[in-house]
Amino acid sequence: MKQPLIAPIVEAVRSGKTTAVAQVTEAIARAEKAKDFNAIISMTTDRALERARMIDERVARGETTGRLLGVPFIAKDNFLTFGGETTAASTMLKGFMAPYQSTAIERLEAEGAICIGKANLDAFAHGGSTENSDFGPTLNPHDKSRVPGGSSGGSAASVALSIVPFALGTDTGGSIRLPASYCGVVGFKPTYGRVSRFGVVAMASSTDTIGPLATTVADAALVLECMAGLDARDSTSLPKPLETVAITNAPKALRIGVIKECMGEGIDPMTRQVVEAKIADFKAAGHSVETVSIPSTELALAVYYVVVPAEISSNLARFDGIRFGYSAKDAESLQETYEKSRSAGFNTENKRRIMIGNYVLSSGYYDAYYKRAQTVRTIIMKEYTAAFAKYDVLLSPVAPTAAFALGAKADPLAMYMVDVMTVGPSLAGLPAISVPLEVGKELPVGLQIIGAAGHDALVLQVAAHAEAA
Amino acid sequence: MAKISIEDVKKVAKLSGLTLSDAECETYREQFAEILAYIDRLAGVDTNGVEPTYQVTGLVNVMRDDTVIDYGVDQKALLSNAPDALAAQLKVKRVLG
């Protein structure tokens, strides 16, 4: 069984057995060694070492508080951070120096954590493989010919490569869970609103969430606890505090629902086999396991690819070559500044999503696409609500298959289909986690555990149990 | 099945503040037709009496005190990311012809 990594580091820094500087220096060396995987866009070495020295001085003075004291981490490059550029892996933001930091980063720093670098992603988090990065794709740590999943592919790979004990990701339709599944790490997408998104490059505001990727559930839970909570700077952040549970305690007898639509045709036999083996473990441990239907599972993907592009088109309208970001030097008029800057700064997938979004929002199509999608969204949410009246948690694979080969999904719709099992919980705002399953020498496969809105703690507890069993 | 013409693509590109080559227009036309055909399955769903959901928090009219919050961000840091600035102001191309 995997042991938590963070608590022992904090303990060692606190007691003087190691120093924050040593932790950071070693993590930077590991990052350098793993350079071939292209998991990291830029390092924040100078600021990281400066913060580490400051922490070591504090410890020497006897100030040893901080739940993440001296722990190095990597943030997806769509988190605004000091110490280097924040690019969202896009040409549009190359050279951008954040004038302030994300709330999530500030809260982790307040607990003594140290950001050593910025992880690769699909530009503006548009993608499921990290191949849409303007800085080149990240390679899967288990097989360099395969994708790490996306869009938080660099974050998942950084944890899988043991560069850092945890990394931050964002999840709009599966962008934490999918790479966690493909890279064999834990990835948690909390309830919508659980973690403030202030200072994170916006993608689709009605489903964007922030969460941790880590080696164990206990590590992910600790990081979440440090970040969660109301923030006056994000009016969608939830006022109700995160419940905390001793996740090491076995959960009470659970009522578990296995989503029928996620176990049918199109599931790779290997994925089905390892998920079914875990379900059998739950039964053997005395939990009640039944099959439950979420009939709109496949419709959720159609809803997602209306709602999310619509919100993207709105959120990315701010990139106009005027205040920050790429600006075309050869423009002759204001309108040309807008069009030339956006055409050169955004990549093919960014443009595709912006245009689909503007299409479904445009006059004459709004009712048929956007409003209809938001109405079907209500139906999907009702199906989950009905399921959670009968079950404590729902289970499914995270994705129909393990990691696919680089370049295998050149068709945009084929790439979108990868999200079919993760977008439903995103549209409904539910907490969901990817936990690595026992696969022997095969490629990693993640089990998705979904909870009712607000029940983050239960999802983590069940995940810790799944990890241990 | 959604029919998308080159003109539709050009119109939506204009709305999006994007300029596309003819080859790009054709590629996007094919891809949009495929994506919209997939999305068209929503048309078959019975949505009678169902209200749309635009956000999931259940929060309504989130208010705060009408006081200044110091974000600790100075003008210089903000302007340092601007492509062109002069005398603490953003400089843009001519707006009126």
Side-chain angles (χ1 to χ4, degrees), chain A residues 96-97 99-100 192-193 206 232-233 235-236 238-239 298-299 301-303 305-306 313 317 320-325 327 331-334 336-340 342-343 346 351-352 354-356 358-360 362 368-369 371-379 381 411-413 416 427-429 453, chain B residues 4 8-9 11-20 24 27-28 31-32 34-47 50-59 61-65 69 71-84 90-97:
Chain A
F96 178 75
M97 300 296 283
Y100 55 89
Y192 178 84
S206 82
R233 297 166 174 191
S235 60
T236 61
L238 297 172
E298 212 188 321
L299 279 177
L301 196 72
V303 171
Y305 279 101
V306 173
S313 71
D320 55 6
I322 304 291
R323 293 158 300 155
F324 55 88
S327 186
E332 310 240 317
S333 68
L334 190 65
E336 252 189 57
T337 304
Y338 298 155
E339 289 181 5
K340 287 193 169 176
R342 291 170 63 79
S343 299
F346 290 130
K351 291 177 194 173
R352 187 155 38 234
I354 290 169
M355 287 191 284
I356 289 278
N358 275 320
Y359 183 82
V360 300
S362 62
Y369 290 115
K371 193 172 174 197
R372 173 156 286 265
Q374 296 286 37
T375 308
V376 177
R377 184 182 194 173
T378 307
I379 293 172
M381 291 178 74
D411 175 49
L413 191 59
Y416 296 170
L427 289 166
Chain B
I4 301 288
D8 291 332
V9 176
K11 188 182 160 198
V12 81
K14 184 80 188 159
L15 287 171
S16 305
L18 295 169
T19 328
L20 304 178
E24 283 176 313
T27 308
Y28 280 126
Q31 291 170 346
F32 291 171
E34 193 193 3
I35 293 164
L36 291 169
Y38 185 82
I39 290 168
D40 270 345
R41 68 192 56 211
L42 297 175
V45 183
D46 180 6
T47 55
V50 184
E51 290 296 316
T53 299
Y54 296 105
Q55 60 105 339
V56 299
T57 59
L59 299 171
N61 292 346
V62 177
M63 310 290 253
R64 63 169 178 82
D65 291 338
I69 301 172
Y71 281 48
V73 182
D74 66 20
Q75 194 182 48
K76 212 176 135 207
L78 286 171
L79 284 171
S80 69
N81 283 306
D84 208 355
L90 293 168
K91 200 173 158 192
V92 301
K93 297 283 176 199
R94 178 191 290 271
V95 178
L96 299 172

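Heavy atoms only: backbone and side chains are in, while hydrogens, waters and symmetry mates are out. By convention in this document, chain letters (A, B, ...) are assigned in the order of the sequence lines, proteins followed by strands, and residues within each chain are numbered from 1.
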With a 4.5 angstrom heavy-atom cut-off, is it the side chain or the backbone of B:Tyr28 that approaches chain A, or both, or neither?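 It is the side chain, since no backbone atom gets that close.
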With a 4.5 angstrom heavy-atom cut-off, which part of B:Ile39 approaches chain A: side chain, backbone, both or neither?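 Both parts, backbone and side chain.
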Looking at residues at least two apart in the chain, or sitting in another chain, which of them share a ring pair (Phe, Tyr, Trp, His ring centres under 6.0 Å) with A:Phe324?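 For A:Phe324, the residues satisfying ring pair (Phe, Tyr, Trp, His ring centres under 6.0 Å) (neighbours in sequence not counted) are A:Phe96, A:Phe319.
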Do B:Arg94 and A:Glu332 sit within salt-bridge range, that is, some charged N less than 4.0 Å from a carboxylate O?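 No, B:Arg94 and A:Glu332 are not salt-bridged.
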Can you list the residues that meet the side chain to side chain contact (heavy atoms under 4.5 Å, CB included) rule with A:Ser235, with sequence neighbours excluded?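 Once residues adjacent in sequence are excluded, the partners of A:Ser235 under the side chain to side chain contact (heavy atoms under 4.5 Å, CB included) criterion are B:Val62.
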Indicate yes or no for a side-chain donor-acceptor contact from [X] to the backbone of [Y] under 3.5 Å, with no hydrogens or angles considered.
X        : Y       : answer
A:Arg372 : B:Leu42 : yes
A:Arg342 : B:Ser16 : yes
B:Asn81  : A:Met97 : yes

Point-to-point distance, once rounded to the nearest 0.5 Å, from CD of B:Glu51 to CD of A:Gln374: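 Rounded to the nearest 0.5 Å, the CD-CD separation comes to 12.5 Å.
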Mind ranking A:Ala373, A:Ser313, A:Ala317, A:Pro412 by heavy-atom pairs under 4.5 Å with chain B and telling me who comes out on top?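 Going by pairs under 4.5 Å, I would pick A:Pro412.
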Test item: side-chain donor near acceptor, A:Thr378 and B:Thr53, under 3.5 Å: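 Present: a donor and an acceptor within the cut-off.
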Under 4.5 Å heavy-atom distance to chain B, tell me which part of A:Asp320 shows up: side chain, backbone, both or neither.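 Neither part.
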Heavy-atom distance under 4.5 Å to chain B: side chain of A:Ala428, backbone, both or neither?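 The backbone, not the side chain.
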When you measure from the centre of the six-membered ring of B:Tyr71, is the NZ or CZ of A:Arg233 under 6.0 Å away and within 45° of the axis?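 Satisfied, under 6.0 Å and within 45°.
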